[in-house]
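As structure tokens, the structure follows; a few thoughts come after it.
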Amino acid sequence: MRIDIITVLPELLESPLSHSIMKRAQAKGLLEIHVHPLRQYSNLKHNQVDDYQFGGGAGMVMMLEPIVNAIESLQAKVQYDEVIYLTPDGETLNQKMANQLSLKGNLLMLCGHYKGIDQRIRDHFITKEISIGDYVLSGGELGAAVLVDAIGRLLPGVLNNETSALTDSFQDNLLAPPVYTRPEEFRGWKVPEILLSGDHKKIEEWRHQESVERTKQRRPDLL
Ligand code: ADE
């Protein structure tokens, strides 16, 4: 999969996408990430990319031209399955959406800043608007990093043991069960005996039961 990200703050995306599983995905050639600084697509003095909003009001708006230049020059080279705008008023990201996006070939993501982008970009270029939750971030970069991570780890071959993505929380609308590692006992706190029994069928049943219990208690809306 190839993901291109257009942003005014490329630095914000560097670290989150160059460690751990995202690093491995790229090293294995399963995920290609290209970050494009928006200012380099501005033809204005000081590489301006934002301006006052028509109608008045506080806050700057990201201008049409640099974004159109960026999107069109990328589209001339790459065929994108989706052009995604990260915004708090988009559709809320969930595991199902991440699963669906992980099946695509090429994605283009646009990070908003300030008061957002000129509505005409949304009307004419954006195919999908995504929010990572009901709160407002300073820009779309952290949202894009979250989205790339959620998608990237689902690409076949990225995780060592592919079943580990399948047993994540939300994958079957259930939260993940509790997990334990050594030591078996610490300060008198014991690991549930069933996990030490070696009976894999019983362990699976226990885990499923714990998942259902946890989901009932914490996220009954998922059931
Ligand atoms: N930009 C600002 N807030 C955001 C959010 N919650 N999700 C995605 N992009 C955003």
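Whatever order the structure lists them in is the order used to number ligands and atoms, beginning at 1.
Ionic pairing of Asp50 and Lys115 is not present here: no N-O contact between side-chain nitrogen and carboxylate oxygen is shorter than 4.0 angstrom. Using a 4.0 Å cut-off between a side-chain N of Lys or Arg and a carboxylate O of Asp or Glu, Asp81 and Arg2 do not qualify as a salt bridge. The pair Arg207-Glu204 meets the salt-bridge criterion, with a side-chain N (NZ, NE, NH1 or NH2) lying under 4.0 Å from an Asp/Glu carboxylate O.
Near Ile130, meaning under 4.0 Å from any of its heavy atoms, are these atoms of ligand 1: 8 (C). Residue-ligand proximity, Gly139 to ligand 1, at heavy-atom distances under 4.0 Å covers atoms 1 (N), 2 (C). Residue Gly133 has at least one heavy-atom neighbour below 4.0 Å for each of these atoms of ligand 1: 6 (N).
Remark: ligand 1 and Leu137 share an N or O pair separated by less than 3.5 Å (distance only, no angle test). Any N or O atom pair closer than 3.5 Å counts here, and Ser138 shares no such pair with ligand 1. On a distance-only criterion, Ile132 and ligand 1 share at least one N/O pair closer than 3.5 Å.
With hydrogens left out, the protein atom closest to atom 10 (C) of ligand 1 is Pro88 CD, 3.6 Å, a heavy atom. Residue, atom and distance of the protein heavy atom nearest to atom 6 (N) of ligand 1 are Tyr135 O, 2.8 Å.
For the residue pair Asn99 / Gln171, a side-chain donor-acceptor distance below 3.5 Å is found, with atom types taken as modelled.
With hydrogens and angles disregarded, no donor-acceptor distance shorter than 3.5 Å links the side chain of Ser102 to the backbone of Leu154.
No side-chain heavy atom of Glu32 sits less than 4.5 Å from a side-chain heavy atom of Met1.
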